[in-house]
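This report concerns only the one structure given below.
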Number of protein chains: 2
Amino acid sequence: MNTAVPSKAATLHDVAREAGVSLITASRALTNPKLVSDTTILKVQAAAQAIGYIPNLLAGGLKSRRSLMVAALVPAISVAQFLPTVQSLTEALSDAGYQLILGQTGYDHAREEALINTMMSRRPDGIVLTGLVHSATARERLRRAGIPVVETWDLSDRPVDMLVGFSHVKVGSAIAGYFLGKGWRRLGIATGDDHRGALRREGFLAAVGKDVPTAVVPAPSSLEQGRRALAELLAKDSKLQAVYCSSDQLAQGVLAEALARGIRVPEELAVCGFGNADFAAHMQPSLTTVHVDGAAIGRLAAKLVIDRCNGTSIANPIVDVGFRIIERRSTSLSHA
Amino acid sequence: MNTAVPSKAATLHDVAREAGVSLITASRALTNPKLVSDTTILKVQAAAQAIGYIPNLLAGGLKSRRSLMVAALVPAISVAQFLPTVQSLTEALSDAGYQLILGQTGYDHAREEALINTMMSRRPDGIVLTGLVHSATARERLRRAGIPVVETWDLSDRPVDMLVGFSHVKVGSAIAGYFLGKGWRRLGIATGDDHRGALRREGFLAAVGKDVPTAVVPAPSSLEQGRRALAELLAKDSKLQAVYCSSDQLAQGVLAEALARGIRVPEELAVCGFGNADFAAHMQPSLTTVHVDGAAIGRLAAKLVIDRCNGTSIANPIVDVGFRIIERRSTSLSHA
DNA sequence: CTGTTAGCGCATTCAA
DNA sequence: TTGAATGCGCTAACAG
């Protein structure tokens, strides 16, 4: 006799016996109540409650082929930029009964491919990626998985499946246009070495029409590196008038370095960041930056995945959420 | 004939057939190679590669009763304080083949209980919680689940199972002692309304020996609320000398409000935060704060869970990672 | 509305 | 070192 067995978790079988109904009736009463009479539902619910039944979604998913999990890949959880997206994604999915499983690619394309495989072995019902998938084999593997795939935080004509993002090239152009419109001509760029940062730089250069002193720092960029970046830029052009930074963290460092060198912002140097971090509005001076609605990206991505899972038709599989420049003190003209 | 079936994912069965071995041999070749001859391993690996086999961990876990998933509950992903913990937890678990599944309780005890149930339905091999579990039913449910449970970011004599944290009461006392040692007597507290913030306040008051003007703001606390909090504190005591804030975000707001009011920090008002956020060292003035090694908490929690899963004996199920006050300009004495 | 049957894909027994 | 049988807990498909 195995009376010492550490009371294995109650199964649906136990619930059915306790309620005096068949296994499948118990199953339906708990997951699809419309198919069962009210009295039976109550009996089953009472039984489940009484023996502390917790369903095993792994087992259910094996048969139904729906794991109720959605995978999301981010460069790193601690990158503040993607936090609102992950947060709203988690919430929206959770509201629909899905669990998010998060993977960190670490800005490494090789790792991304391996991670996609690892994630696939959990048989998620959908997958959300930050950025576009570049590796051809990974794209192919995702396509063959036959599940909804949402790429985010970027734009493309031919995503793997669906997409929620905006154009980084346009962001770069918009900032350059904004700088030029202010009359600044001696421009500089401080950017992380990630793909999307590179796209923004491209757009910036295209709008300027010529090359511009650039300091490239390893992603994820930080305040520390912003300080170094400004030093590097000033070495290249001591009369710099305006700097675009690929993140608010970098911009924060640029402001710190400017302060340390006695360079007045914005009078002597204008600074624009990217991301509209929560601290941007409260810095001294407050930071001009680019706002992207990261929470909306997460919400929309969740909706796309859920709709596709439910067989709902998708009106538009490519969503551009846009962006906007938020003007603050760090680029306000001194002699306006 | 079902030739139009959307090529269901390859199963181990397919691999076995392709390799000309039995199902179980294929299984062993891929997951427990020591039990199989080298030539067989190569055959099976080649077959798996050829047909693009991705194992189904859900199915494997059903029989083996190991889901290779670990659940983690945090108040909210976007709370910067827990980010290093979540990050290092994810990494350490991932290195050991485990997937983290994250749930957001939203500082809501009722939701925490429901969330624990939801998580349990995925049959995680372990669970990590930020803070202690207070609900008796939740504690009991966790205990009966029979999986490793790690509570974090707090201290207790009798955790549900294991614990990695530090004493918030001691943090509060340490800051109060630090303030008193500087000669400041007119003290104030700006704190979030969460449990751990309340503990720190308790410790603070105990060390001071009397009540102290307190502004309580809803968690998660923000810069905005820090500004309001200082306004509230100054209304209670216009000659305030030093403020302890329950987060660096709050402290940031307090500094901003002080600046707006022309109150010089630290000359007229000393400010201490909590959390050692990355911006703390770079503010103007730089912010004195309390550092807690959040990444270590995540690493240690992961190790406890993994060790317990492997049957390794746990030397000490209660780990105090401590804390330290980092002194910066915001509390440096003017006439020292 | 309820029940019976038959697996989902894999790993744990056992036996050879 | 390999294989055959069995079942993890649940649900889809059909029948009553």
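Model, not experiment: these values are computed from the prediction. Order of the sequence lines fixes the chain letters, A, B, ..., with proteins taken first and strands second; residue numbering starts at 1 for each chain.
If you check residues 11-26 of chain A against DNA chain D, the residues with a heavy atom closer than 4.0 Å are Thr11(A), Leu12(A), Leu23(A), Ile24(A), listed by number. For the segment residues 40-59 of chain B, the set of residues with a heavy atom within less than 4.0 Å of an atom of DNA chain C comprises Tyr53(B), Pro55(B), Asn56(B), Ala59(B), in numerical order.
Scanning for side-chain hydrogen bond (donor to acceptor under 3.5 Å, both in side chains) contacts around Gln87(B) gives Ser78(A), Gln104(A), Glu91(B), with sequence neighbours left out. Partners of Arg28(A) under the side-chain hydrogen bond (donor to acceptor under 3.5 Å, both in side chains) rule, at least two apart in sequence or in another chain, do not exist in this structure. Listed by chain and number, the residues in a side-chain hydrogen bond (donor to acceptor under 3.5 Å, both in side chains) with Ser67(A) are Asp125(A) (sequence neighbours excluded). Partners of Thr312(A) by side-chain hydrogen bond (donor to acceptor under 3.5 Å, both in side chains), not counting sequence neighbours: none found. The ring-ring contact (aromatic ring centres under 6.0 Å, His included) search around Phe82(A) returns Trp153(A), not counting sequence neighbours.
Nearer the 5' end of DNA chain D, as judged by each residue's closest nucleotide, is the contact made by Lys63(B), out of Gly60(A) and Lys63(B).
For the pair Leu35(A) CG and dA15(D) P, the interatomic distance rounds to 18 Å; values are reported in whole Å.
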### Task
Take His195(A) and His134(A) through the test ring-ring contact (aromatic ring centres under 6.0 Å, His included) and record every step on the way to the result.
CA-CA 10 Å; His195(A) 178 71; His134(A) 293 103; 4.5 Å; yes
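Here the rule is salt bridge (Lys or Arg N to Asp or Glu O under 4.0 Å) with Asp161(B), and of Arg139(B), Arg144(B), Arg143(B), Arg308(B) only Arg308(B) fits it.
Shown here for Val133(A) and Glu151(A), the closest heavy-atom pair between the two residues is N-OE2, 2.8 Å. Between Met162(B) and Pro148(B), the shortest heavy-atom contact is CE-CB, 3.7 Å.
Listed by first and then second residue, the salt bridge (charged side-chain N to carboxylate O under 4.0 Å, His left out) pairs that reach into residues 12-27 of chain A are Asp14(A)-Arg17(A), sequence neighbours excluded. Applying the salt bridge (charged side-chain N to carboxylate O under 4.0 Å, His left out) rule to pairs touching residues 50-78 of chain B yields nothing, sequence neighbours excluded. The stretch residues 294-306 of chain A participates, sequence neighbours left out, in these side chain to side chain donor-acceptor pair (under 3.5 Å) pairs: Lys303(A)-Asp307(A).
Residues Val44(A) and Leu30(A) form a side-chain contact, since some pair of their non-hydrogen atoms from C-beta on lies under 4.5 Å apart.
Arg28(A) comes within contact range of at least one nucleobase, with a heavy-atom separation under 4.0 Å.
Relative to the axis of its first five pairs, the axis of the last five pairs of the helix from dC1(C)-dG16(D) to dA16(C)-dT1(D) sits at 30°, rounded to 10 degrees.
With a cutoff of under 4.0 Å to any heavy atom of chain B, the contacted region of DNA chain C is bounded 5' to 3' by dG9(C) to dT12(C).
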